[in-house]
There are 2 protein chains.
Amino acid sequence: MNILDDRKAAILKAIVRDYVSEGEPVGSKRLTDSMKLGVSSATVRADMAALEDAGFIAQPHTSAGRVPTDLGYRYFVDALGQTEEPTAEQRAAIEALLLGAGDLEDLLRRTSSVLSRLTRFAALVVAPRLDRSRLRHVELVHLGPHSVLAVLIADTGRVDKRMLDLDKPVSETDVHRARHVVNEAVSGLGLRHAADVVAGVAAGAPEELEGLLDAVAGTITRGVTDAGAGDQVFLGGTVNIVAGGYFERLEQVKQVYETIEEQVVVLKMLRDTLESGDPAVKIGTELPLVELAACSVVAATYETGGGSGGSLGVLGPTRMDYPRTLAAVQAVASSLERALGELVG
Amino acid sequence: MNILDDRKAAILKAIVRDYVSEGEPVGSKRLTDSMKLGVSSATVRADMAALEDAGFIAQPHTSAGRVPTDLGYRYFVDALGQTEEPTAEQRAAIEALLLGAGDLEDLLRRTSSVLSRLTRFAALVVAPRLDRSRLRHVELVHLGPHSVLAVLIADTGRVDKRMLDLDKPVSETDVHRARHVVNEAVSGLGLRHAADVVAGVAAGAPEELEGLLDAVAGTITRGVTDAGAGDQVFLGGTVNIVAGGYFERLEQVKQVYETIEEQVVVLKMLRDTLESGDPAVKIGTELPLVELAACSVVAATYETGGGSGGSLGVLGPTRMDYPRTLAAVQAVASSLERALGELVG
DNA sequence: TGTTGGCACTCTGGTCGGATGACTGCTAGC
DNA sequence: GCTAGCAGTCATCCGACCAGAGTGCCAACA
């Protein structure tokens, strides 16, 4: 990827750094002042013209300095060596998260809060995937003849509940019996396996339980296959989208908000992003959604003891401090792994 | 409260209506044109001066028209007769909510979505209070020797989970036994009663179960007493705070966001608001939080079959269409009651 | 060939003054 | 108690103007 000679690369990096910290298009003079390249501003100008031709930077208008394009940020990110270490301040903030988290949900909520405060961007935290967890217990609650609530409890502490679709009314005792049968069968199994097992049990069960057991099998299957249907997303610090002052047009801000209010979209975004690595960065138009063309996503995964994992990330403007954000996201991900270990152990 | 003569009252109402719909300070000329009072603008001016003296309206600057104060809105709201009927469009939107809600959480999430779309304000929906629900089942899950997860399932379909505080490690079989004992004792009881019963059972239980049962009693008690600790709030349409364009200063918007990201605050706000009636309106400085001095809250309660209830409302600018908002909030509340009935029945 | 200094040009952003228009408060008269 | 008219105030809009920042290009130089 080294299509740029050393000086051009240095200039591009300097432009990115300057623009990220100052927020204003950066010109050749400004650049020669702050860098010690030993060349004049005219030379830098020539290089900048070349960088613009190559698509790494752009000019908002004729007499303005240059601004990095998505491609420019991409080059910058790819050229990063190892990511920064989190600062002491960051560490302290994250440690505060470790203490006092009650349950899994609480922990994930805190995580999204810490992540957003650390980065000053909107934070996205996705709960550990259910389909790779093991079932601890399945509770069936008879709310009415046509409504039975299934509560799936995973070894990660995650609790998932959903109503069963029932054709025929069921009695409270049948629900009790089904509950017993199901728990005998599935305890400790992974979700994929559990669904099959329950389906098998249903086939051989007394008639009055069959429909109920089928519904349970169905609901477990849905937990595995439905992309995002059962996944929980914890959003934090969405204020930052507007408070940061990165966007000029209100319309943009509105679009971003509307987009991330959709869980499914957020999940897909994180999943897409993480396909390219871990941690991963998607910049502007690299994101699958045109509404987010002015945004970047920095994401990472975290693992739980049981082998199931989740993901987390932040959504901010393309004009973000990528090294710092990467460091923060990674630090939070690893702290979350530790906290999860403590919570369950 | 009728300190205003008929004409002054009519003028005040006209000012409120005009300002709400147009968003600009309204002057005497404009008013005489749109109203048919049979008096001249000079007369209206005199009345407006009186209204300003009385504190109902104010002038942003000398040569501008008048804007209602919080007190002015208050008069307007108090003087409203019965609230409007929801429009056909509103009804249709709400009906869409009734269909296809999976479980309680899903239903409440949809409710907040519908409410915000209907009113174009931020919507707040609080889950049915646990302390007035009846317990259907208590599940104890042994995640590790020091961590046991308690899952409380109420007859409303609400599921509440929390980690138990344990002094001593417990074995998986003890958890099983405790689970059995607890469910024998509490099924069908209200939460207040259940806590006492479990505490009683704990006192007479074998030593190895006592700590565990005490912890369960404690966690149930917390469900009753902790203001908001176990209460869930579903926020929806928070975009509208910024998208509406009601606030000039970005700082204000930021404050509002930060305030409502705190569950506890939202809960307290709704509770305070509903102390003054149902449905209830709190305008600007009537709200307990200075940060929300530019906002109003319109709230109502909803009841579930079992006698426990929750509350919902919207948060918008003081410059809101109160009749329309009141109608929408009430319509959503009653639709939610129906939907809850269907979900559980 | 790459680098440099210089120059003309362009475009934005801020400031200033004047014209405009929407109000109000006041007063004299009906 | 109501009205018409008048003088005064203030925000807003608009065009003009200027300073500043930055560019592209060109000729000269190593």
Side-chain angles (χ1 to χ4, degrees), chain A residues 3-12 14-69 72 245 248-249, chain B residues 3-12 14-19 21-69 72 245 247-249:
Chain A
I3 41 174
L4 297 180
D5 62 50
D6 286 357
R7 196 180 57 206
K8 287 200 184 67
I11 289 175
L12 176 52
I15 290 174
V16 171
R17 263 190 287 265
D18 192 286
Y19 181 63
V20 164
S21 74
E22 303 302 327
E24 277 165 20
V26 8
S28 57
K29 177 115 196 317
R30 197 187 162 73
L31 222 44
T32 34
D33 288 351
S34 66
M35 292 172 66
K36 14 196 185 299
L37 281 172
V39 293
S40 78
S41 66
T43 309
V44 173
R45 272 205 291 285
D47 283 348
M48 283 168 81
L51 285 170
E52 179 160 10
D53 283 344
F56 292 109
I57 54 181
Q59 253 182 316
H61 58 81
T62 319
S63 74
R66 302 304 212 294
V67 162
T69 59
E248 299 108 46
R249 295 186 306 114
Chain B
I3 40 175
L4 298 179
D5 62 48
D6 286 356
R7 197 180 58 206
K8 287 202 184 64
I11 289 174
L12 176 53
I15 290 174
V16 171
R17 265 191 286 264
D18 192 287
Y19 182 63
S21 74
E22 303 302 326
E24 277 164 20
V26 7
S28 56
K29 177 118 195 317
R30 198 188 161 73
L31 222 45
T32 35
D33 288 351
S34 66
M35 293 172 65
K36 16 198 182 291
L37 281 173
V39 294
S40 78
S41 65
T43 309
V44 173
R45 272 205 292 285
D47 283 347
M48 284 168 79
L51 285 170
E52 179 160 12
D53 284 344
F56 292 110
I57 54 181
Q59 255 182 314
H61 59 85
T62 319
S63 73
R66 303 303 214 291
V67 162
T69 59
F247 303 101
E248 299 108 46
R249 295 185 307 114

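Naming convention: chains lettered A, B, ... in sequence-line order (proteins, then strands); numbering from 1 in each chain.
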Spatial distance of atom NZ (Lys29(B)) from atom OG (Ser40(B)) [nearest 0.5 Å]: 12.0 Å

Separation of dT3(D) C1' from Arg7(B) CZ (nearest whole Å): 12 Å

Validation row: Ile15(B), Phe56(B) side chains within 4.5 angstrom (heavy atoms): no

For atom NZ of Lys29(B) and atom P of dC6(D), their distance in whole Å: 16 Å

Can you check nucleotides 6-15 of chain C for protein contacts, nitrogen or oxygen pairs under 3.5 Å, and list what you find?
| residue | atom | partner | partner atom | Å |
| --- | --- | --- | --- | --- |
| dG6(C) | O6 | Arg45(A) | NH2 | 3.1 |
| dC11(C) | O2 | Ser63(A) | OG | 2.8 |

Between dG24(D) (C1') and Arg66(A) (CZ): distance, integer Å: 9 Å

Gap between atoms CD and P, on Gln59(B) and dC10(D) respectively (whole Å): 11 Å

Donor-acceptor contact present, side-chain Thr69(B) to main-chain Gly55(B), <3.5 Å: yes

Rounded interatomic separation in angstrom, taking CG from Asp47(A) and P from dG24(D): 12 Å

Whole-Å gap separating P (dA22(C)) and CZ (Arg30(B)): 11 Å

Distance in angstrom units between Glu24(B) CD and dA22(C) P, rounded: 11 Å

Side-chain N,O (Ser40(A)) to OP1/OP2 (dT3(C)) below 4.0 Å: no

Sugar-phosphate, base or nothing in reach of Ser28(A), heavy atoms under 4.0 Å: sugar-phosphate

Note, Glu22(A) side chain near Arg30(A) side chain (heavy atom, < 4.5 Å): yes

Working for side chain to side chain contact (heavy atoms under 4.5 Å, CB included), residues Met48(B) and Leu31(B): CA-CA 11 Å; Met48(B) 284 168 79; Leu31(B) 222 45; 4.3 Å; yes

Nearest atoms (heavy-atom pairs only) where Ile57(B) meets Arg66(B): CD1-CG, 3.7 Å

Spacing between Ile15(A) atom CD1 and dT23(D) atom C1', to the nearest angstrom: 13 Å

